Amino acid sequence: MHGRLKLKTTEEQAEEKRKEREKKMKIAVAARDACFEKRKRSVLDEEGLELTKQLLGGNPDFATLWNFRREIFQHFEKEKSPEVLQALLEKELSFLEACLRVNPKSYGTWYHRGWVLDHMPSPDWARELELCSKLLQLDERNFHCWDYRRLVVSRSQVSCSEELDFTFKLISSNFSNYSSWHYRSTLLPRVHPDTCQQADRVHEGVLLTEYELVRNAFFTDPNDQSAWFYYRWLLGRADREETVSCLYVSREGQRLVLSFSRPVNVLSPSAELVLFVDSLPLMVKWRTAHPKLKHSALWICDLPTGTINEACSEHSFKIHWRDGVVQRECVLYRGRSESWCRDSATDQQLFRSDLSVEKSTVLQSELDSCTQLQEMEPENKWCLLTIILLMRALDPLGYEKDTLQYFKTLKAADPMRSAYFDDLRSKFVIENSILKMEYAETRVVDLSKKDVTALYHLDQLLLVTHMNLSSNRLQSLTAQLSMLQCLEVLEADDNVLEGVEGLCGLPRLEEVSLRNNRIAKIADLQPLASCPKLTILNLQGNPVTEATDFQSELALLLPGVKDLIA
Amino acid sequence: MSADHLPSEFEVLIVGTGLPESIIAAACSRIGQKVLHVDRSAYYGGNWASFTFSGLLSWIEEHKHEACNKDEMKEWKDKIHEDEEAILLNTVDKTITNVEVFCFASQDSEDNIQEEGALQLKHDSSFTAAGTEGRFSGSSKDCHGQQIQATVTNTVESSASEDPVRSDSQASAQETDDASSTQEENHGNMCSTESEKQEAGVTEQVSECTYEKKRQKITYSQIVKEGRRFNVDLTSKLLYAKGSLVDLLIKSNVSRYAEFKNATRILTYQNGKVEQVPCSRADVFASKQLTVVEKRMLMKFLTFCMDYQQHPEEYLDFKDHTFVEFLKMKKLTANLQHFVHHSISMVSETDKTTEGLRATQNFLQCLGRYGNTPFLFPLYGNGEIPQCFCRMCAVFGGIYCLRHAVQCLVVDKETKRCKAVIDTSGMRISCKHFIVEDSYVADEQRKSVQHRQISRAVLITDKSLLKAESDQQISLVTVPPLEPGRPAVRIVELCSSSMTSMQGTYLVHLTCPSSGTAKEDLSLVVSRLFSENVDADEKDADSGVEKPSVLWALYFNMRDSSVAERSSYNLPSNVYVCSGPDSTLGSDHSIKQAESIFGQLFPDEEFCPPAPNPEDIIYDGDGAEAENAGFGAPLGPEHNKPEEGAVPEQENEKAMTETTEKNTTVTPVSLATCNDSTEEQDTE
């Protein structure tokens with residue numbers, strides 16, 4: 001038909017493109033060689049700038065060329081007047097803008113920009129901030145730009161509250177922006193610090209408005225995780241201060257045990273742990289409960305013979321930690337076999353949020369709105385998890401039943417993470433058991449039939465003498481279990497244990513029941529050999545019992561065991 | 001070339017330059033058909049046109065004095081052969097009725113106010129109105145009409161420009177300037193705080209000066225003086241971001257001839273006040289009107305609507321109920337029902353559930369493609385769109401004659417097919433296919449009158465219906481029926497950076513299906529939402545909010561011929577009829593009609609395939625083929641390109657760059673380059 005356009009075929013187009021590319025390549029290679037040659041001869045002139053500019057304009061990721069440019073500018077710094085240099089560097093900035101347009105995520109370009117600003121006689125930081133704002137509006141997740149923004153902010157003393165407003169602006173336009181939420185979490189404690197001077201925490205009044213903001217986000221889109229993560233940060237508590245939470249002395253074992261609020265290494269050169277016995281410093285050797293543990297919440301020392309004298313009516317033990325900033329003291333009276341001084345979990349509100357009454361009511365209303373959301377979105381895992389966390393923060397024992405129920409729903413809603421939820425649930429179950437034990441003021445903890453998959457907070461169980469772990473889903477007794485330095489009787493029947501690593505060096509352990517587990521080899525029982533008082537061991541229903549020579553080999557390994565049930 | 005030199009043979013003759021006709025013209029020309037495209041008016045677009053203020057005044061004059069016969073007809077009977085008969089066409093437009101104009105701005109003493117830069121043209125004795133010739137035939141001295149003929153010449157080869165279209169005419173100057181100003185703006189976006197500071201300075205000045213203006217109110221003479229800042233649409237529409245028009249613009253590469261801005265917000269009138277409708281995720285998040293539970297309900301409902309077909313259990317039971325009942329059944333709060341029904345689905349009270357769901361789904365699918373609302377507005381007004389297609393047609397060799405009417409169709413008595421037309425100059429033009437816009441069809445050719453009417457009002461106001469951080473907003477306002485039995489009214493409020501109104505004013509379009517005259521249908525809404533007393537700052541009794549004052553108002557009714565079936569016209573089978581604008585917000589009907597007519601004409605041809613990139617075109621410079629290919633015709637000064645008005649090119653450019661620089665909230669959108677990135681939701 002007439003009037004048709006004649007169009008080039010794809011082959012013709014491809015051929016043309018190929019030729020074009022070849023031509024470009026030749027030019028680029030020539031320019032590159034020229035640059036390298038110049039650099040080798042240390043010719044630092046404007047032509048070098050021009051050559052590198054051509055190359056970097058097309059490919060801003062050529063780091064060597066950026067270096068060359070910096071060398072040239074450094075040279076200019078010495079020989080040109082500040083006005084000329086300023087003009088040159090301003091030109092450099094507009095060139096860099098062009099490069100950013102080619103690739104807004106080029107490491108080299110962003111680094112070079114920061115360098116140029118730092119070398120400018122009169123840098124215009126406000127303009128840089130504006131640039132960042134513009135670019136972040138185009139792509140709110142460009143982390144290069146976020147990095148650069150932080151540099152600009154630190155150089156030009158932009159106030160945190162202005163930055164806070166900026167994050168709000170970005171969040172308003174799209175709240176699926178973890179960068180902005182996170183930036184907010186770093187700014188808030190600086191702009192509105194907590195009145196109680198808790199580091200990294202936010203003033204309560206401000207927290208309330210933040211709750212509202214983030215609530216709007218997760219009601220609008222409950223499947224967006226960035227808001228939920230921020231929410232969890234808001235609900236979080238300050239880290240516990242590093243302190244000695246328990247000091248325990250055993251007369252019979254001639255031993256002193258310390259437990260810290262978080263794992264430390266007292267053997268490190270900077271650590272300053274000094275023990276005073278009856279006000280005199282005493283050199284002792286500290287060790288952890290298990291050789292595997294380097295950082296530990298629990299540290300043990302054997303007291304030199306004669307330190308504890310039966311004749312003395314009392315001995316005082318005092319610990320100085322961190323140059324005496326942290327101290328703890330306890331007294332062992334005559335006739336007592338042991339003594340301790342400690343902060344209890346109940347006193348410290350270890351497992352719940354330490355909130356003012358005002359904030360507790362707010363948390364309560366947060367819980368209400370989350371439950372409301374949960375009714376509308378029964379399958380939403382973020383909501384379920386947050387409800388559980390809120391309940392924990394408010395009243396762990398009071399909400400125990402509800403929490404367990406929500407865990408069931410949660411596992412059904414997100415089966416991919418069921419193991420994670422199981423462990424988390426175990427943690428909460430153990431916390432509650434510890435609380436119950438402490439309210440009852442006993443040294444017996446019963447964790448049987450609680451579907452526990454992992455053990456937590458074992459440092460809190462230093463004083464426990466009897467522990468029941470039966471009928472759970474435990475696969476191992478980890479090294480941390482060795483922190484139960486007072487443990488005498490352990491029941492761990494009907495689990496899926498394959499080893500007993502943590503039953504190691506327990507000085508008072510007498511009786512262990514491991515019926516119906518999966519211990520297969522005599523060697524798996526090796527750790528028990530380091531428990532001097534072990535006399536009763538039940539291994540019924542373990543594969544190991546079927547081995548030939550089982551009885552004799554066990555007797556060889558554990559000569560102290562008088563009562564073996566197998 | 002004047003009409004005297006017009007070839008006497010074409011393949012497709014199209015009468016009327018409205019949207020469907022222009023699309024068909026472009027589609028036919030694109031596949032190599034020889035197209036003649038005529039319009040009886042001096043401007044492009046018919047009832048789709050946009051006018052400067054003075055152009056609008058002329059148009060008003062024209063339509064107030066109905067049906068005065070402008071041009072004397074040349075004798076045509078001698079052109080008809082014995083075996084032929086003639087079907088007369090309307091040479092006068094009768095689709096506009098009840099034109100009423102009200103001026104509330106103070107009309108001060110200046111007598112001879114004129115639009116700055118407007119050309120005074122001695123035109124036609126029938127309208128020497130006080131208004132000046134704005135839009136009309138800026139550079140053409142030819143009273144019979146203007147023509148654009150694009151034929152191949154050597155300019156293309158010599159030109160280094162990417163686009164032969166751009167290089168070939170004056171009009172392209174504006175085009176390229178569009179592009180460069182956009183680039184400039186992008187540049188500004190990237191950096192250049194310095195220039196921004198300057199800009200900021202400018203804006204400050206401007207706002208100061210608008211503040212002053214506000215105090216002393218804009219006068220009528222100011223409106224007239226700044227008249228060419230206005231581009232008043234006769235038909236007020238928006239483009240659905242994923243609608244058929246946008247698809248067509250992209251697919252055919254016609255989008256390169258126009259620039260768009262996002263509508264920035266959706267408003268509604270509820271409980272006596274104008275408020276924003278939260279429709280995007282960001283809106284819902286930021287909304288202060290909704291409780292968090294409502295937020296969830298709304299998001300949940302909208303998410304369901306996104307793929308409602310996948311959840312038949314949710315709505316099938318309500319299939320026979322109305323959408324309004326369905327919303328109640330879904331337990332949405334009254335607030336949410338209002339938003340979803342009136343502002344998002346925009347369906348009527350009687351529409352059924354599936355209809356409402358489909359409309360809601362369509363709305364949502366358009367959301368986020370280019371911005372936070374589903375709608376785009378073409379810079380310089382809706383009148384640009386048909387012109388873009390005309391331009392495409394011209395580029396591929398179509399010939400244009402404005403102010404050129406057709407007196408009659410010539411029909412072969414034996415075959416009953418149309419074979420030629422006779423134009424107003426008495427010339428006989430032979431042709432194979434004929435496309436005629438409804439308003440050209442004489443009443444004798446209609447078997448039954450099947451016309452509806454659209455009620456329209458155009459207001460120039462002094463402030464926006466809803467104050468916001470930025471005063472540069474393009475808003476769609478849905479007003480539900482204020483009294484039972486009245487229609488829902490759709491308002492589009494345009495700010496000055498949409499290039500349709502002067503600084504400090506807003507151009508407000510009201511549209512609804514008619515039940516009476518436009519004034520009767522719309523005055524209630526106008527009086528509720530606006531103040532018609534310029535001097536007293538009327539405060540709304542309930543909210544204490546100052547209403548915008550109407551400075552000037554125009555009411556008219558426009559015929560809606562979209563419901564007429566082809567069978568209701570008594571015309572030869574090779575004559576196709578395009579309807580005028582309908583009352584809906586989008587242009588789907590026109591696109592569908594254009595595509596269907598094109599499909600009937602050329603069943604085996606693709607409809608508007610992408611125009612090739614200029615660099616892929618082979619110019620062999622000789623042979624008839626190339627000549628007909630129609631590229632790079634240098635349009636001499638006597639040829640008027642579609643989008644030119646009487647505004648001198650230079651001035652126009654300046655005006656545009658100024659305003660785009662100042663505009664901060666509404667950024668121009670390039671249709672083709674936008675992707676759906678805003679829909680991404682996952683976090684890093």
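This one's a predicted model, so the numbers in the text were calculated from it and none came from an experiment. Throughout, protein chains are lettered first and strands after them, A, B, ... in sequence-line order, and every chain is numbered starting at 1.
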**Prompt:** Is B/Glu605 paired with B/Arg30 through a side-chain N to carboxylate O contact shorter than 4.0 Å?
**Reply:** no

Checking heavy-atom separations under 4.5 Å from chain B, one finds in residues 367-374 of chain A A/Gln372, A/Leu373

- [ ] Just do the ring pair (Phe, Tyr, Trp, His ring centres under 6.0 Å) check on A/Trp181 and A/Phe229 with the steps written out, would you?
- [x] CA-CA 9 Å; A/Trp181 288 113; A/Phe229 276 122; over 10 Å; no

Hey, what's the ring geometry for B/His311 with B/Phe304, parallel, tilted or perpendicular (30° and 60° as the breaks)? tilted

Taking the basic N atoms (NZ, or NE/NH1/NH2) and the acidic carboxylate oxygens, is any pair closer than 4.0 Å for A/Glu210 and A/Arg184?
yes

**Study point:** Pair A/Tyr211-A/Glu366, side-chain donor/acceptor within less than 3.5 Å
**Key:** no

Exercise for review: Compute whether any side-chain donor of one residue and acceptor of the other, for A/Glu92 and A/His112, lie under 3.5 angstrom apart.
Suggested key: yes

